[in-house]
Amino acid sequence: MRIESFELERWMTTWETVVSYDLAESGIQPMSVNQLGALTGEQDRIASILDEPLLYSEACGTIQLREIIAGLYENTDPDNVLVTTGAIEANFLLFNTLLVQGDEVIVVDPCYQQLASVPKALGCIVKPWKLTPENGFRYQLDELQILITPRTRMIVINSPHNPSGAILTDEELDRVYAMAESVGAWVLSDEAYRWLSLPDQPKCAGPARDRGDSGLSVGTLSKPFGLPGLRIGWMVAPADVVKECWSFRDYISLSPGYLNDRLAQIVLEHRTTLMERTRSIASGNLALVEQWIREREGLIEWVRPQGGLLGLLRYQMDIPSAELADDLARDASVMLAPGSAFGHEHHLRIGFGAEPERFREGMDVAGNYIERVASERGVRNR
Ligand SMILES: Cc1ncc(COP(=O)(O)O)c(C=O)c1O
């Protein structure tokens, strides 16, 4: 398989180990294992896990973990669950087992690049379902109706959405599902940002899996819990699809990490407590971003995210976003991801999941730097 370079990942790895303020990070402030123990009161259990020999773990995920994950969906058994190396592996396996060359795939655009690049690399015809600033980064159901044909094999959605924070409501997801079913297509729903609702916004749709067997839900501990280093994600799908993906995975990563699987059980058992930490960080930082934008009226604006941890800042300067993002990282030691990585020039993607004090400092530094550039290079008339 030949595949295009993952632009955003290449950019992130250039800067993330050298900058002081990473405001491009897409998840909530990561936790240590000790913090996880303290927040959940499970220090003793974690200590005893650390005493266990590091065997290969059950290849599809331990039955304990798959039972917990199955309980997060309706009408779902452990046989419907495959634990994967992050959501990224779950997506990769689903594309590779369910799609063949020439299949038509509708993919939300912009998107986490994997969602379009892997189907393209498989030789599929990828049709973008566009979210644009002009339509307030909202999923347009009437446009999906135009894109879908009897040859459509899969509709790929992501809600809450990376990079815009758009969501699908329950009613909208029901309509997407009905349209997919009418042509016998799958709905691959990347739910990496599940549970991340935001204040004063409509409720994000429940999992695609809960709609029926054409709904494939992908989840992860990376974004909502601040545990990307655990590399635990999963897919929830019909048992035969899970089996096929599992066979494919034998050639890639074989099984989840032994410790990771056991720590993941603790995380999901204490999901509600851990989500309180996440909500508190995200809502405080979001309020700060809104204030920061208000203070820079005419220079910066955004479509307020409806969910998740990300949004796109639009700046009124004639500077390509890759150049501005590199300058910010090199000269001000702040990372904001270039909109060009998502096909949206004159935008920077911000993540508002960082540790609040650090986030505030980083926003101050970024704000001052952008204002200085604007005073030197001029602000565009709208
Ligand atoms: C929409 C989306 N899906 C999947 C992933 C990959 O997540 P994971 O760390 O679970 O592999 C990301 C990471 O940024 C993402 O934004």
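Heads up: numbering here begins at 1 and tracks the sequence. Whatever order the structure lists them in is the order used to number ligands and atoms, beginning at 1.
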*Between Y112 and D190, a side-chain donor and acceptor under 3.5 Å*: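 Short answer, no.
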_For W302, ring pair (Phe, Tyr, Trp, His ring centres under 6.0 Å) partners two or more places apart_ =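 Checked W302 against ring pair (Phe, Tyr, Trp, His ring centres under 6.0 Å); zero matches.
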*Listed by chain and number, what are the ring pair (Phe, Tyr, Trp, His ring centres under 6.0 Å) partners of H344, not counting sequence neighbours?*
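Partners of H344 under the ring pair (Phe, Tyr, Trp, His ring centres under 6.0 Å) test: F137, H347.
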*Return the protein residues near ligand 1 (heavy atom under 4.0 Å from any of its atoms), ordered by chain and residue number.*
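Correct list: S26, G86, A87, I88, Y112, N158, N162, D190, A192, Y193, T220, S222, K223, R231.
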*Hey, would you say the F225 and W195 ring centroids sit under 6.0 Å apart?*
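Yes, the ring of F225 comes within the 6.0 Å limit of the ring of W195, centre to centre.
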*For E9, which residues count as a side-chain hydrogen bond (donor to acceptor under 3.5 Å, both in side chains) partner, sequence neighbours excluded?*
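side-chain hydrogen bond (donor to acceptor under 3.5 Å, both in side chains) check on E9 returns nothing, list empty.
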*What are the two closest heavy atoms between S197 and R279, and how far apart are they?*
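Heavy atoms only, the tightest pair is OG-NE, 4.0 Å.
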